Amino acid sequence: MPTWVKILERAQIGLGWTDEGLAKRSQTPLRQLRELKAGILDPGVLRSVAAALHLGADALLSIARERESGSTFSMPATVRSMESESRRGYVLWDSASRLASLIDIGGECPQVVRLLEQEFLVPHYLFFTESSQPIDPGWMRFLEDRSALPVRSEVGEEDGSFPLGTLQMYRRSVASRDGVSRRLYLVRGLDLPVAFIGRFLLPPDAQGEEERPLLYEGWLEEVRSHIFTLNDETLLCPSEGPMTTVGFEKAHNPFFPEFEHFSSFANLTEEDRNP
C-alpha cells in the first residue's frame with residue numbers, strides 16, 4: 001500500500017469515519033473515494049478527501065508523486081542508531097568523559113557491545129521512551145560490569161534532567177495510553193539539539209470505535225505541544241521511521257497542515273537542507 005494511502009486511512013480510522021461518511025463529508029462519489037484508497041491517484045479527489053480529513057493536500061501530493069524521498073539528516077558523531085527486530089534504539093555519549101546513555105535498548109545487542117568496546121564507552125544511563133519495554137537482568141549486569149558503576153535505569157514518569165559528562169539530558173513525560181507511559185529525551189550540548197522520541201510521530205493504533213477520535217485528537221495535540229514547540233533545527237530520533245527534524249515535519253507532515261507554510265523548511269529542496 002502506498003504511503004499516501006496509509007496516511008489517508010490512518011486519518012480516517014483516527015476520526016472514526018466510514019467510507020460512506022468520508023465520501024459525504026468530502027463531497028466525493030463513493031466509487032472515486034474507493035479508487036483513491038486503492039492507490040489510483042486523482043489529484044482533485046485527493047485534495048477534497050484530504051481537506052475533509054484535515055490533512056495537508058500539498059504534502060500528500062508530494063508523497064504520492066514521490067517528490068519527497070524522505071529526510072536524509074545525519075546524526076552527530078556521538079550518536080549511533082541500533083536496529084533490532086522490534087524497534088530502533090540509540091547510544092549517545094559524551095566525547096570528553098566517554099560516559100554513554102542507551103535509549104530503548106533493554107536487551108543484549110552485539111552492535112552495542114562492539115560500539116562500547118571500540119569507543120571505550122562507559123554505560124551510565126538506560127532510558128526508555130515507553131514504560132512497557134522490558135529490561136533483561138543479564139543485560140543490566142553486563143552494562144554494570146562494563147562501567148564498574150551502577151547503571152541508572154530511569155523509568156520514572158516525572159520530568160527530570162540528567163548530566164552526561166558535558167552533555168545534559170532532559171526527560172519530558174508526554175502521555176499515557178493503555179497503561180503505557182510515554183516520554184521523550186532532549187539532549188543539549190551537541191552541535192545541534194537532539195530529541196529521542198520513540199514512536200511519538202506515529203498515530204495511535206486503532207482502538208474501539210468510541211475511543212478512536214479522542215485518541216487521535218489527543219495524539220495530534222501531543223505532537224503540537226511537545227514536538228512542534230521545539231526549535232526547528234532539533235534532530236528527531238524515532239524508534240521507527242527515518243531521522244527527521246522539527247522543521248522538516250512541520251513543512252512536510254500531512255497530519256499537521258497548519259504548520260506547512262510557516263516552517264523555515266517549507267520551501268527548501270533536499271539539496272538545500274543537506275548541502
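Both backbone and side-chain heavy atoms feed into the values below; hydrogens, waters and symmetry mates do not. What you see is a predicted model, and the numbers here were worked out from it, not measured in a lab. Counting from 1, the numbers follow the sequence of the chain as shown.
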**Request:** May I ask you to decide if Leu46's main-chain N or O and Ser48's side chain share a donor-acceptor pair within less than 3.5 Å?
**Result:** no

**Message:** So Thr78 and Asp94, do their side chains get closer than 4.5 Å, heavy atoms only?
**Reply:** no

**Request:** Check the hydrophobic clustering (I, L, V, M, F, W, Y; side-chain heavy atoms under 4.5 Å; chains of links allowed) and say if Ile40 and Leu53 are grouped together.
**Result:** no

**Request:** Applying salt bridge (charged side-chain N to carboxylate O under 4.0 Å, His left out), run through Arg88 and Glu240 and close with a yes or a no.
**Result:** CA-CA 6 Å; Arg88 182 187 306 122; Glu240 296 180 33; over 6 Å; no

**Message:** Suppose we screen for side-chain hydrogen bond (donor to acceptor under 3.5 Å, both in side chains). Which residues come up paired with Gln27, at least two apart in sequence or across chains?
**Reply:** none

**Request:** Indicate yes or no for a side-chain donor-acceptor contact from Ser225 to the backbone of Glu221 under 3.5 Å, with no hydrogens or angles considered.
**Result:** yes

**Request:** Hey, could you give me the CZ/CG distance between Arg25 and Leu33, rounded to the nearest 0.5 Å?
**Result:** 12.0 Å

**Prompt:** CG of Asp58 to CD1 of Ile63: how many Å apart, nearest 0.5 Å?
**Reply:** 11.0 Å

**Asked** Near Glu108 CD, under 6.0 Å, is it more than 12 heavy atoms from other residues, nucleotides or ligands?
**Response** no

**Request:** Please answer whether the main-chain N or O of Thr129 pairs with a side-chain N or O of Asp104 as donor and acceptor at a distance below 3.5 Å.
**Result:** yes

**Complete:** For residues 76-123, the ring pair (Phe, Tyr, Trp, His ring centres under 6.0 Å) pairs (sequence neighbours left out) are Tyr90-Phe196

**Prompt:** So how far is it from Leu22 CG to Leu30 CG, rounded to the nearest 0.5 Å?
**Reply:** 9.5 Å

**Request:** Check the pair Glu35, Arg31 against salt bridge (charged side-chain N to carboxylate O under 4.0 Å, His left out), reporting the backbone distance first and the verdict last.
**Result:** CA-CA 6 Å; Glu35 288 177 350; Arg31 176 184 59 81; 3.0 Å; yes

Considering only distance and modelled atom types, tabulate donor-acceptor pairs under 3.5 Å from the side chains of residues 134-142, sequence neighbours left out.
{"unit_1": "Asp136", "atom_1": "OD1", "unit_2": "Gly138", "atom_2": "N", "d": "2.9"}
{"unit_1": "Trp139", "atom_1": "NE1", "unit_2": "Ile105", "atom_2": "O", "d": "3.2"}

**Message:** Apply side-chain contact (heavy atoms from CB on, under 4.5 Å) to residues Leu15 and Glu217 and explain how you reach the verdict.
**Reply:** CA-CA 8 Å; Leu15 292 169; Glu217 291 297 333; 3.8 Å; yes

**Request:** Please tell me if the side chains of Ser147 and His124 come closer than 4.5 Å, counting only heavy atoms from C-beta onward.
**Result:** no

**Message:** If I take atom CD1 from residue Ile197 and atom CG from residue Leu236, how far apart are they, to the nearest 0.5 angstrom?
**Reply:** 4.5 Å

**Asked** Aromatic rings Phe127 and Tyr125: how do their planes relate, parallel, tilted or perpendicular, breaks at 30° and 60°?
**Response** parallel

**Request:** Flag the pair Leu192 / Glu233 as yes when at least one side-chain heavy-atom distance between them is below 4.5 Å, and no otherwise.
**Result:** no

**Complete:** So CZ of Arg87 and CD of Gln133: to nearest 0.5 Å the spacing works out to 4.0 Å

**Request:** Could you check Lys250 against Glu258 for salt bridge (charged side-chain N to carboxylate O under 4.0 Å, His left out), going step by step and ending with a plain yes or no?
**Result:** CA-CA 8 Å; Lys250 285 181 179 178; Glu258 67 271 29; over 6 Å; no

**Prompt:** Heavy-atom distance under 4.5 Å between the side chains of Glu249 and Leu201, does that happen here?
**Reply:** yes

**Request:** Report yes if the side chains of Thr166 and Ser95 come closer than 4.5 Å at any heavy-atom pair, otherwise no.
**Result:** no

**Prompt:** Going through the distances and angles, do Leu220 and His54 end up as a side-chain contact (heavy atoms from CB on, under 4.5 Å)?
**Reply:** CA-CA 11 Å; Leu220 292 173; His54 312 296; over 6 Å; no

**Request:** May I ask you to decide if Pro238's main-chain N or O and Arg199's side chain share a donor-acceptor pair within less than 3.5 Å?
**Result:** no

**Message:** Between Ser131 and Ser181 (side chain of the first, backbone of the second, donor and acceptor by atom type, cut-off under 3.5 Å), is there such a pair?
**Reply:** yes

**Complete:** So CG of Leu121 and CG of Leu143: to nearest 0.5 Å the spacing works out to 11.5 Å

**Request:** Step by step, work out the side-chain contact (heavy atoms from CB on, under 4.5 Å) result for Arg80 and Glu119.
**Result:** CA-CA 12 Å; Arg80 299 286 174 83; Glu119 297 291 342; 3.8 Å; yes

**Message:** If you apply the rule side-chain contact (heavy atoms from CB on, under 4.5 Å), what do you find for Gln111 with Arg114, and how did you get there?
**Reply:** CA-CA 5 Å; Gln111 292 175 278; Arg114 286 194 296 271; 3.7 Å; yes

**Message:** Under 6.0 Å between ring centres: does that hold for Phe255 and Trp219?
**Reply:** yes

**Prompt:** Sub-3.5 Å donor-acceptor pair from the side chain of Arg183 to the main-chain atoms of Phe128, do we have one?
**Reply:** yes

**Request:** Answer yes if the ring centres of Phe256 and Phe228 are under 6.0 angstrom apart, and no otherwise.
**Result:** yes

